[in-house]
There are 2 protein chains.
Amino acid sequence: MSDSQSIGIVVPEQMQFQTPLALKSGAVLDSYTLTYETYGRLNAAKSNAVLICHALSGNHHVAGVYADDPRNAGWWNNMVGPSKAIDTEKYFVIGINNLGGCHGSTGPISINPMTGKPFGADFPLVTTDDWAETYIHFADKLGIDRFAAVVGGSLGGMSAMQLTLNAPERVRHAVVIAAAAKLTAQNIAFNDVARQAILTDPDFHGGDYYSHHTLPKRGLRLARMLGHITYLSDDSMASKFGRELRNGSLSFNYDIEFEIESYLRYQGDKFANRFDANTYLLMTKALDYFDPAAQYDGNLSQAFSHTKANFLVISFSSDWRFPPERSRSIVKALLDNKRHVSYAEIPSSHGHDSFLMQDAYYHQLMRAYMNNIMV
Amino acid sequence: MSDSQSIGIVVPEQMQFQTPLALKSGAVLDSYTLTYETYGRLNAAKSNAVLICHALSGNHHVAGVYADDPRNAGWWNNMVGPSKAIDTEKYFVIGINNLGGCHGSTGPISINPMTGKPFGADFPLVTTDDWAETYIHFADKLGIDRFAAVVGGSLGGMSAMQLTLNAPERVRHAVVIAAAAKLTAQNIAFNDVARQAILTDPDFHGGDYYSHHTLPKRGLRLARMLGHITYLSDDSMASKFGRELRNGSLSFNYDIEFEIESYLRYQGDKFANRFDANTYLLMTKALDYFDPAAQYDGNLSQAFSHTKANFLVISFSSDWRFPPERSRSIVKALLDNKRHVSYAEIPSSHGHDSFLMQDAYYHQLMRAYMNNIMV
């Protein structure tokens, strides 16, 4: 990728909301802040806004770099930028840190105005429904009646679907990548092991670790290590790491022996130092709870009868977290309702993480779809 | 299964070995004990002995019950017994708790004669090679020149393979079920997350938790929860638990909500109360280390050129821990050497755990193979 295609230096912004937000759980947030970034310009008709929804550990920093951290490019910098697949010369692209996040939007690490201390365990669980609500309020403030598109991978794809269901008039196109209409028991099981790792870490203190001046890093590290196994495919792990030994021979102890161990522990350590455990817990619950068909006795087609958006659904052949058949069930439910839907299964060896990767076919497909949208 | 087929009350025995055992790691055990059970009678020719090798969390209690615990049947009670697939009226069946185990054979919880305290972290790592060595010494003591068969599932299948490689003259038939010729990077990755859960539990104390009067139950519980996900298939979890809610509605907290969470936490708790964490660590390492092709530049066919046994190899369609293709690579390596090998892929929805389940086709196949062996 040439530098000419980089969006350059970006600056996060914050938007304050003073109208109480009634959450799906029954809790009410009196006020909240959303941290976001925008790239490109909102046109006069306000018809070119594209909302990017982030996945479990993502945030609003989708593209570009910060002036004081020029190597830390946004998580979808390969997809979003001038002349890129999501072209910031055409679109006004918005990245929002979801409510409950730990990178600037109101979440467990934020100060609870009622107590003057971090929310911690008192921060309510939030759902994709709640996020959809905040996206609408956000759009209202910018005067955006309809998003040209709402785009997301994994949990972000679920958030995108949710918005098309909760506010059909506000979304023209939804791009749902490496997602599913609900988690399976196995998906929930992996999330629960990750949660138990955090919840049983003695440094977790029931979620109020901030006031104990500790961080449940052991648990968060384990959660991330486990997560990484599910993000990669068996094949990609095999070709990247195989059974390679770090020091060439077995050491017969519990230090790092195989390269895969080195990789996982490094990823776990890095994550435990940058992410908030309460936010991680909350994000996994948002995943577990997502199930738009539930209120229609499990009938996804009926759930999607409310959408008005056109859809692009994308899956990756080696994604075993949310395999292609899970995307096809979304496509089928949309077709049952005679919605406009395009679907592609991208051959890829990178597993669930493929949605973040540079891949010519995937990016061409995204580019073609996004180019076709009239603004 | 009728009671008439049950082997009834069994009694574990112990065998002492005073000849030093040089382990693969370079460590030497001056003496050790193996705990075992036998079912049926050794014939005069000593030609009807069948050795059952256990998997990661198994032990010598393969079949029957203990007088003081009549509900605790052996882990393969459905397979081993009078007139069962492995017929104790024909065979003298032996179950051994592997060296390093925590159910009677010398292992980390045993008293180190040098210190008068439990070995703990000082217990050396052991490998399938070391186990093969102990099986041979065990057979020597009973005067068994050749096992009629050595049989095992999962890690037990690897132990069986190892014995055919280390002592080709001592095994007539090997039955290798739901196993693989080596772990993949993904298999190792799951093991490493499980190990890290234990090793980073503050109650682990570097493996010397016995002297701290603690048990690293949190870590062991997480390890087992994670293990269980890999033992079951996605489909079996879906049909057993689906997205069923334990109390019918979402609770918006981190208590048990979904049935799968209830199941996993229960299994984790139960295991953490009955198994030793150091043994668990050691068993996962034995899995990681198993790779008979390694000393032949990864050429499994060359490795198997040393075996003389006839093989029955069995895989299960829904086993994603060691899928059928991994068994087929064993079969191919055996066929490359013109060995007698039978192979069956059993249609099953129960994942890796299928090897422990009652399944008519699987049991008929085992019965037919075992019936055919002349003793």
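Chain letters run A, B, ... following the sequence lines, proteins first, then strands; residues in each count from 1.
- For the atom pair CG of L226(B) and CG of L226(A), the computed distance is 5.5 Å after rounding to the nearest 0.5 Å.
- Residue L281(A) touches chain B through both its backbone and its side chain, counting heavy-atom pairs closer than 4.5 Å.
- Of the atoms belonging to L282(A), heavy atoms from both backbone and side chain fall under 4.5 Å from chain B.
- Rounding to the nearest 0.5 Å gives a distance of 10.5 Å between CD1 of I188(B) and CD of E244(A).
- Using a 4.5 Å heavy-atom cutoff, the side chains of Q186(A) and L232(B) are not in contact.
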Review point. Is there a side chain to side chain contact (heavy atoms under 4.5 Å, CB included) between R221(A) and T200(B) once you walk through the steps?
Key: CA-CA 10 Å; R221(A) 172 177 179 268; T200(B) 64; 3.7 Å; yes

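- A185(A) and G242(B) make their closest contact through CB-O, 3.3 Å (heavy atoms, listed as atom of the first residue, atom of the second, distance).
- Of the listed residues L264(A), T184(A), D291(A), the one with more heavy-atom pairs under 4.5 angstrom with chain B than any other is D291(A).
- Expressed to the nearest 0.5 Å, how far CG of L222(B) lies from CG of D201(A) amounts to 10.0 Å.
- Y289(B) and F252(A) have perpendicular rings, their planes meeting at more than 60° on a 0 to 90° scale where under 30° would count as parallel.
- Proximity of a side-chain donor or acceptor of Y254(A) to a complementary backbone N or O of Q196(B) within less than 3.5 Å is not detected.
- Between D255(B) and K285(A) the shortest heavy-atom distance is O-NZ, 4.3 Å.
- Using a 4.5 Å cut-off between heavy atoms, E257(B) contacts chain A through its side chain alone, with no backbone atom that close.
- The neighbour count for Y266(B) OH, taken as heavy atoms of other residues, nucleotides or ligands under 6.0 Å away, does not exceed 12.
- Annotation: maximal heavy-atom pairing with chain A below 4.5 Å, among H228(B), M237(B), R265(B), K182(B), occurs at R265(B).
- Counting only distance, with no hydrogens or angles, the side chain of R243(B) and the backbone of L183(A) share a donor-acceptor pair below 3.5 Å.
- Only the side chain of T127(B) comes within less than 4.5 Å of a heavy atom of chain A; its backbone N, CA, C and O stay farther away.
- Residue K240(A) does not touch chain B at all, counting heavy-atom pairs closer than 4.5 Å.
- Comparing I260(B), L250(B), D234(B), D288(B) by heavy-atom pairs within less than 4.5 Å of chain A, the highest count is held by D234(B).
- Heavy atoms closer than 4.5 Å to chain B are found in the backbone of N253(A), but not in its side chain.
- Chain A forms more heavy-atom pairs under 4.5 Å with one residue of A238(B), A197(B), G26(B) than with any other, namely A197(B).
- Interface check for chain B: of the options V193(A), D192(A), V126(A), the most heavy-atom pairs under 4.5 Å are formed by D192(A).
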